[in-house]
Chemist: 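For reference, the structure I am asking about is given below.
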Protein chains: 2
Amino acid sequence: MTRFVLDDFLPYQLAVLAERTSREFSALYRERFGISIPEWRVVAHLSQAGTVSVREIHARVAMDKSKVSRAAARLEAAGYITKTVDPRDRRLVALSLTEKGRAMMEEIAPLAEAFQAEFLARLGARAEDFREALAVLLEPQGKDEAPEEEGIQGEAGARARAR
Amino acid sequence: MTRFVLDDFLPYQLAVLAERTSREFSALYRERFGISIPEWRVVAHLSQAGTVSVREIHARVAMDKSKVSRAAARLEAAGYITKTVDPRDRRLVALSLTEKGRAMMEEIAPLAEAFQAEFLARLGARAEDFREALAVLLEPQGKDEAPEEEGIQGEAGARARAR
DNA sequence: GTGACTTCATTGCACACGCAATGAAGGTGC
DNA sequence: GCACCTTCATTGCGTGTGCAATGAAGTCAC
């Protein structure tokens, strides 16, 4: 008789906390710039990565390709980024921030820092440990064998299947 | 020059972790019973709360009223819950688990426990602190004054507004 | 009882999402 | 070059979602 208590269930707690936090933070930039959460993620990633493809973002930012694609389309329409075809590989679309996009990011970044600081302040001394735990949990948890140290290049291995 | 790094940004980390965790866990019951995450939440809450209204769940489980309503409709169609009009207050809809619903919950609960245990195992000694931190962060963060110690009964206080 | 207001649950609507399919482009073996 | 496979980005489609509007039911003052 397990008397299950939803409020103490971790996936539930995480979902609630994450949604609340994201929503609260997104209100800050949504008002000012009218961008959505996926759009924010794309911009934020671009600001640190320079010029990258949709594929790159999809892989690094845990968003479906279509989500990235649509976010990029909206951002381009709003003038925050440019989309150009990569001349080396014409399948790739090179995304990069416009001046307007950089200006926006320049304005949001401090808000983000402040938001996070305030968030962590609620934890007091526990903050450090919490961040550490989060980092552990975010490690790509494997069904693949041991992580094999460093030497893997970007693309994962198990590609050989065919028929 | 703030060199913002998305991967180290807390709202982002939480969102990624929460989504991954929920998705992973939901796969367990989705396959077996074909219910979605909102439906799972409703069932889980009913299993601990007995018979309750849509409103109650909406308030306690951080889901939009319409989401609860639709989840309930699907659950009823699938035979996991019943919806009846509360005779005391005919606006209220009383939700409660059917035998089939209870059986399902009886089967999922151990899976949930196991899932959570495995999840926490990854944190090792940090697990305890992590849960504590989570609890702190989940406290209804107030614009309302101080939380006022214990003595509040179930329903929150700030009801007296009117005009 | 009537009127004004509030509280519930549901539903309409516009929109975002996930997933699979599409089509363009690149790579490879011969 | 040609056939075949893979990799990208986009798009079509069915579905879920949030928000506002609706309508039923309750409450209160008078």
Side-chain angles (χ1 to χ4, degrees), chain A residues 15 19-20 22-24 26-27 30 34-42 51-77 81-96 154-163, chain B residues 15 19-20 22-24 26-27 30 34-42 51-77 81-96 155-156 158-163:
Chain A
E19 207 217 314
R20 190 158 80 200
S22 276
R23 177 180 286 253
E24 209 171 306
S26 72
R30 163 163 254 155
I35 63 172
S36 69
I37 293 178
E39 283 151 43
W40 148 254
R41 285 198 193 174
V42 169
T51 298
V52 285
S53 67
V54 169
R55 144 107 184 127
E56 176 83 16
I57 296 188
H58 155 63
R60 298 270 301 112
V61 174
M63 278 170 60
D64 190 80
K65 275 193 302 181
S66 63
K67 213 169 166 179
V68 176
S69 181
R70 292 190 246 247
R74 286 189 292 257
L75 286 170
E76 186 189 32
I81 69 170
T82 59
K83 287 168 57 180
T84 59
V85 176
D86 185 329
R88 298 165 187 282
D89 182 342
R90 311 198 40 246
R91 292 169 306 179
L92 299 180
V93 173
L95 305 179
S96 57
E155 294 289 297
R159 183 68 30 94
R161 187 163 340 140
R163 186 161 69 105
Chain B
E19 207 217 313
R20 190 158 81 198
S22 277
R23 178 180 285 254
E24 210 172 306
S26 71
R30 163 162 255 154
I35 63 172
S36 68
I37 294 178
E39 283 151 42
W40 148 254
R41 285 199 194 174
V42 169
T51 298
V52 284
S53 67
V54 170
R55 144 107 185 130
E56 177 82 15
I57 296 187
H58 155 62
R60 299 268 302 111
V61 174
M63 279 168 60
D64 190 80
K65 274 193 302 182
S66 63
K67 211 168 167 181
V68 176
S69 180
R70 291 189 248 250
R74 287 189 291 258
L75 285 170
E76 186 188 32
I81 70 170
T82 59
K83 288 169 56 181
T84 60
V85 176
D86 185 329
R88 298 166 186 282
D89 182 342
R90 311 199 38 246
R91 292 170 305 178
L92 300 180
V93 173
L95 306 179
S96 57
E155 293 288 296
R159 183 66 34 91
R161 186 156 347 134
R163 187 160 68 101

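Each chain gets a letter, A, B and so on, in the order the sequences are listed, and its residues count up from 1.
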Chemist: Measure the OG-NZ distance between A/S36 and A/K67 for me, rounded to the nearest 0.5 Å.
Modeler: 8.5 Å
Chemist: Nearest-Å distance, CG (B/D86) to P (C/dA9)?
Modeler: 10 Å
Chemist: Picking from B/V52, B/T51, B/T84, what satisfies side-chain contact (heavy atoms from CB on, under 4.5 Å) with B/S96?
Modeler: B/T51
Chemist: Find the distance B/R55:CZ to D/dA24:C1' and express it as a whole number of Å.
Modeler: 17 Å
Chemist: Let me have a per-nucleotide readout for nucleotides 11-26 of chain C, 5' to 3', with B, S or -, counting only protein heavy atoms under 4.0 Å.
Modeler: BB----SBB-----BS
Chemist: Examine the side chains of B/E56 and B/S53 and answer whether a donor and an acceptor come within less than 3.5 Å of each other.
Modeler: no
Chemist: Let me know the distance between CD of A/E76 and P of D/dA9, rounded to the nearest Å.
Modeler: 14 Å
Chemist: How long is the span from the CG atom in B/L95 to the CZ atom in B/R55, to the nearest 0.5 Å?
Modeler: 14.0 Å
Chemist: Separation of B/H58 atom NE2 from C/dT10 atom C1', in whole Å?
Modeler: 14 Å
Chemist: State, to 0.1 Å, how close B/A62 and B/R41 come at their nearest heavy-atom pair, and which atoms those are.
Modeler: O-NH1, 4.0 Å
Chemist: Quick check: are there more than 12 heavy atoms from other residues, nucleotides or ligands sitting under 6.0 Å from CZ of B/R30?
Modeler: no
